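Here's a structure for you.
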Amino acid sequence: MRVLVTGGAGFIGSHFVKRLVAQGDEVVVLDKLTYAGNPANLEGTGVELVVGDIADPETVKRAGSGCAAIVNFAAETHVDRSILGPKEFVHTDVLGTMTLLEWARSTRARYVQVSTDEVYGDLEAGGRAVETDPLRPSSPYSAAKAGGDLQVLAYVRTYGVAASITRGANTFGPNQYPEKLVPLFVTNALDGEPLPVYGDGKQVREWLHAEDHCAGVDLVLREGAPGEIYNIGGEDHENLEVTYRILELTGADASLIRHVEDRAGHDRRYAIDDTKLRNLGWKPAHSFGEGGLPETVEWYRGNRAWWEPIKSGEYRRYYEEQYAERLQA
Ligand code: NAD
Ligand code: TYD
């Protein structure tokens, strides 16, 4: 099958491209190559890369030519950046999604929207979110993703677009841009730099390996039903637990930990029920602390040539804005 993978030069999208190529699918990547997009993530795949914006209909039409399906990974994805400036998030995650849906409407292509468990918001009181729960996003990022999800459901109902939605948990693995918790703390620990833990560090996230995330999305692409939503879960861990495991695996000292000013509107706990996807046959292959995280740390240890150039330029400016005052306080 010829598949259009948007955001395929990013973290999870590039793992998905590699999976499809290994399976013999034909892939076209459409990616704007924002700060998070990196052609190096696609090295050796031989796939066609169209550089452009998913919110531009002509570009989408050109990239999607001959594709029977589209899987949309393209998004602005980092909560902290959305707090600093939400506009790009609405542009890509809402308007971009709508533009792709228009293309799917006109071509009758199968559509999968890669969304996030963050649309359910905070589950501090306990329980796990199921797919029919109301959306209660807390951050500009999750609000934009929720807006994208609602566009998808409207296009299914109004125009009969054959679209499904996946809602994955916090994802980790090789090739993740070093701004999110795991790659930021691993690379900082390897460099002897501070690990800025927001607030008390007792927030809980579910951790899902990128390859398991992609296996779930692929299953939904092939066997999911239009109009249906599928949660893709992981393993529950507190941020401090993750931090101490990273220190252990990198051999860094606990004195690197700094409790800094909390994130505005910080969700305490995410938790999802993924029974629906498991009933379709999905099961994760990677554990977090035992297999997935040690392998991920080894990947960052062995691939400085991938992340050291990133940690200069634009990244430096973002890092200063996000952390300089917090770390001085
Ligand atoms: P990422 O930030 O690593 O990559 C996003 C990619 O999208 C980049 O290659 C970027 O260049 C591209 N992009 C951004 N705006 C674009 C635009 N307007 N047009 C075309 N391309 C554009 O993101 P990721 O972590 O790989 O996340 C991929 C998807 O999975 C996102 O939709 C995200 O919401 C979702 N998701 C991520 C996680 C996670 O923990 N990382 C968890 C659940 C769901
Ligand atoms: P992150 O990786 O940004 O994912 P998300 O906010 O989308 O869940 O953050 C994961 C958790 O780690 C979240 O509770 C915020 C926390 N965190 C820190 O404590 N310090 C940091 O520098 C970052 C980036 C995150």
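Whatever order the structure lists them in is the order used to number ligands and atoms, beginning at 1. Because the structure is a prediction, the values reported are computed rather than measured.
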- Message: Residue-level breakdown please: for Lys145 versus ligand 1, do any non-hydrogen atoms fall below 4.0 Å on the side chain, on the backbone, on both, or on neither?
- Response: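 Looking at Lys145 and ligand 1, just side chain atoms fall under 4.0 Å.
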- Query: Would Gly96 count as a contact of ligand 1 if the rule is a heavy atom under 4.0 Å away?
  - Reply: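 No, Gly96 has no heavy atom closer than 4.0 Å to ligand 1.
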- Query: Linking I/L/V/M/F/W/Y whenever any side-chain heavy atoms sit under 4.5 Å apart, do Val119 and Tyr111 land together?
  - Reply: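 Same cluster.
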- Message: Among all protein heavy atoms in this structure, tell me which lies nearest to atom 44 (C) of ligand 1, with the distance rounded to 0.1 Å.
- Response: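 The protein heavy atom lying closest is Ser115 O, 3.1 Å.
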- Using heavy-atom distances, let me know which of Ile12, Val119, Thr171 sits nearest atom 37 (C) of ligand 1.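 It is Ile12 that holds the nearest heavy atom.
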- Task: State the CD-CG distance between Gln113 and Asn72, to the nearest 0.5 angstrom.
- Result: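 Nearest 0.5 Å value for the CD-CG distance: 4.5 Å.
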- Message: Using the side-chain contact (heavy atoms from CB on, under 4.5 Å) criterion, which residues pair with His259? Sequence neighbours excluded.
- Response: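 side-chain contact (heavy atoms from CB on, under 4.5 Å) list for His259, sorted by chain: Val197, Leu240, Ile257.
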- Message: Using the side chain to side chain contact (heavy atoms under 4.5 Å, CB included) definition, which of the options Leu49, Thr45, Val5, Leu42 pairs with Val27?
- Response: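 The single option meeting the side chain to side chain contact (heavy atoms under 4.5 Å, CB included) with Val27 is Val5.
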- Query: Which ligand 1 atoms, with their elements, are less than 4.0 angstrom from a heavy-atom of Tyr141?
  - Reply: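 That gives atoms 33 (C), 34 (O) of ligand 1.
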- Task: Verify side-chain contact (heavy atoms from CB on, under 4.5 Å) between Lys180 and Phe11, making sure each step is shown before the conclusion.
- Result: CA-CA 11 Å; Lys180 305 230 169 61; Phe11 164 47; over 6 Å; no
- Task: List the closest protein heavy-atom neighbour of atom 30 (O) of ligand 1: residue, atom name, distance to the nearest 0.1 Å.
- Result: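 Nearest protein contact, heavy atoms only, for atom 30 (O) of ligand 1 is Val114 CG1, 3.5 Å.
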- Item | Nearest neighbour of atom 10 (C) of ligand 1 from the list Ile232, Leu30, Leu100, Thr34, on a heavy-atom basis |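 The option holding the nearest heavy atom is Thr34.
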- Is the closest heavy atom of Phe73 to ligand 1 under 4.0 Å?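 Right, Phe73 reaches ligand 1.
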- Main-chain N/O of Ala55 paired with Asp53 side-chain donor or acceptor, under 3.5 Å: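 Flag set: sc Asp53 to bb Ala55 pair under 3.5 Å.
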- Message: I need the contact residues for ligand 2: any residue with a non-hydrogen atom closer than 4.0 Å to the ligand, ordered by chain then number.
- Response: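 Its neighbours under 4.0 Å (heavy atoms only) are His78, Val79, Asp80, Glu118, Asn170, Glu179, Lys180, Leu181, Leu184, Phe185, Pro196, Val197, Tyr198, Gln203, Arg205, Asn239, Arg263, His266, Tyr270, Tyr323, given by chain and number.
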- Message: Pairs of nitrogen or oxygen atoms closer than 3.5 Å, one from Tyr35 and one from ligand 1: do any exist?
- Response: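 So ligand 1 has no N or O lying under 3.5 Å from an N or O of Tyr35.
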- Query: Which of parallel (below 30°), tilted (30 to 60°) and perpendicular (above 60°) describes Tyr318 and Tyr323?
  - Reply: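 Because their plane-to-plane angle is over 60°, the rings of Tyr318 and Tyr323 count as perpendicular.
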- Message: Just by distance, no angles: are the side chains of Arg136 and Ser142 close enough, under 3.5 Å, to form a donor-acceptor pair?
- Response: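 Short answer, no.
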- Nitrogen or oxygen of Asp53 less than 3.5 angstrom from that of ligand 1: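 Looking only at distances, the answer is yes, because the N/O contact criterion of under 3.5 Å is met.
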- Glu321 atom CD, over 12 foreign heavy atoms within 6.0 Å: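 Atom CD in Glu321 is not packed in, count stays at 12 or less.
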- Task: Record the part of Leu33 in heavy-atom contact with ligand 1 below 4.0 Å; permitted values are side chain, backbone, both and neither.
- Result: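 Within the 4.0 Å criterion, Leu33 contacts ligand 1 through backbone atoms alone.
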- Query: For atom CD of Glu298, is the number of surrounding heavy atoms from other residues, nucleotides or ligands below 6.0 Å larger than 12?
  - Reply: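 Enclosed.
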- Nearest 0.5 Å please: distance from the OH atom of Tyr300 over to the OG1 atom of Thr187.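 The distance works out to 7.5 Å.
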- For Phe172 and ligand 1, answer yes if some heavy atom of the residue is under 4.0 Å from a ligand atom, otherwise no.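 Flag not set, Phe172 not near ligand 1.
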- Taking the minimum heavy-atom distance to atom 25 (O) of ligand 1, which of Tyr270, Phe11, Phe89 ranks first?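 Looking at heavy atoms only, Phe11 sits closest to atom 25 (O) of ligand 1.
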- Item | Under-4.0 Å heavy-atom contact with ligand 1, by part of Thr77 that carries it |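 Under 4.0 Å from ligand 1, Thr77 contributes side-chain atoms alone.
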- Query: Side chain or backbone of Trp207 under 4.0 Å from ligand 1, or both, or neither, by non-hydrogen atoms?
  - Reply: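 Trp207 to ligand 1: no contact under 4.0 Å from either part.
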- Message: With a cutoff of 4.0 Å, is Gly52 in contact with ligand 1, counting heavy atoms of the residue only?
- Response: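 Right, Gly52 reaches ligand 1.
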- Query: Counting heavy atoms only, which of Ala210, Ala75, Ala169, Pro183 comes nearest to atom 5 (C) of ligand 1?
  - Reply: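 It is Ala75 whose heavy atom sits nearest to atom 5 (C) of ligand 1.
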- Task: May I ask you to check whether His213 has an N/O atom sitting below 3.5 Å from an N/O atom of ligand 1?
- Result: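 The answer is no, given that His213 and ligand 1 share no N or O pair closer than 3.5 Å.
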- Tyr141 vs Glu76, side chain to side chain donor-acceptor pair (under 3.5 Å): CA-CA, chis, key distance, verdict: CA-CA 7 Å; Tyr141 162 63; Glu76 288 295 333; over 6 Å; no
- Query: Which one holds for Arg167 and ligand 1: side chain close, backbone close, both close, or neither close, with close meaning a heavy atom under 4.0 Å?
  - Reply: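 It is neither; nothing of Arg167 touches ligand 1.
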- Ligand-side contact atoms (ligand 1) for residue partner Thr92, heavy atom cut-off under 4.0 Å: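 By the 4.0 Å cutoff, the relevant atoms are 15 (N), 16 (C), 17 (C), 18 (N).
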- Query: Below 3.5 angstrom, do we get any N/O pair linking Gly10 and ligand 1?
  - Reply: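 N/O-N/O distance below 3.5 Å exists for this pair.
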- Task: Would you please test Leu30 and Val60 for side-chain contact (heavy atoms from CB on, under 4.5 Å) and show each step?
- Result: CA-CA 8 Å; Leu30 169 58; Val60 174; 4.1 Å; yes
- Query: Is there a heavy atom of Gly8 sitting under 4.0 angstrom from any atom of ligand 1?
  - Reply: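 Judged by the 4.0 Å heavy-atom criterion, Gly8 does not count as contacting ligand 1.
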- Evaluate the ring planes of Phe16 and Phe73, with Trp represented by its six-membered ring, and classify them as parallel (under 30°), tilted (30 to 60°) or perpendicular (over 60°).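 Taking Phe73 first and then Phe16, their aromatic rings sit tilted (interplane angle of 30° to 60°).
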- Query: Under a heavy-atom criterion of less than 4.0 Å, does Asp31 contact ligand 1?
  - Reply: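 For ligand 1, residue contact (heavy atoms, under 4.0 Å) with Asp31 is present.
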- Task: Please report which non-hydrogen protein atom sits nearest to atom 19 (N) of ligand 1, along with the residue it belongs to and the distance in Å to one decimal place.
- Result: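 Closest protein heavy atom to atom 19 (N) of ligand 1: Ile54 N, 3.0 Å.
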- Which of the ligand 1 atoms, numbered from 1, are nearer than 4.0 Å to a heavy atom of Asn170: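 The atoms of ligand 1 under 4.0 Å from a heavy atom of Asn170 are 40 (O).
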- Message: Quick test: of every protein heavy atom, which one is nearest to atom 21 (N) of ligand 1, and how far off is it to 0.1 Å?
- Response: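 So the nearest neighbour among protein heavy atoms is Lys32 N, 3.0 Å.
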- Task: Give the residue and atom name of whichever protein heavy atom lies nearest to atom 43 (C) of ligand 1, and the separation in Å to one decimal.
- Result: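 Heavy-atom neighbour on the protein nearest atom 43 (C) of ligand 1: Gly168 O, 3.3 Å.
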- Item | With Val182, the side chain to side chain contact (heavy atoms under 4.5 Å, CB included) member among Val242, Thr243, Val297 |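 It is Val242; the other options fail the test.
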- Might you work through the side-chain contact (heavy atoms from CB on, under 4.5 Å) test for Val204 and His237, ending with a clear yes or no? CA-CA 5 Å; Val204 175; His237 293 283; over 6 Å; no
- Query: Taking the side chain as C-beta and beyond, is there a heavy-atom pair between Leu208 and Phe172 under 4.5 Å?
  - Reply: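 No, too far: nothing below the 4.5 Å cut-off.
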- Query: Are Arg105 and Tyr159 in a cation-pi contact, defined as NZ or CZ under 6.0 Å from the six-membered ring centre and within 45° of the axis?
  - Reply: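 Judged by the rule (NZ or CZ under 6.0 Å from the ring centre, within 45° of its axis), Arg105 counts as positioned above Tyr159.
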- Does at least one non-hydrogen atom of Glu118 fall below 4.0 angstrom from an atom of ligand 1?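 Glu118: no contact with ligand 1 (<4.0 Å).
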- Which of the numbered atoms in ligand 1 are below 4.0 angstrom from a heavy atom of Ala9?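 Numbered from 1, ligand 1 contributes 9 (O).
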- Pair Trp306, Asn41: side-chain N/O donor-acceptor within cut-off below 3.5 Å: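 Short answer, yes.
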- Under 3.5 Å, is there a donor-acceptor pair linking the side chains of Tyr270 and Gln203?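 No donor-acceptor contact under 3.5 Å links the two side chains.
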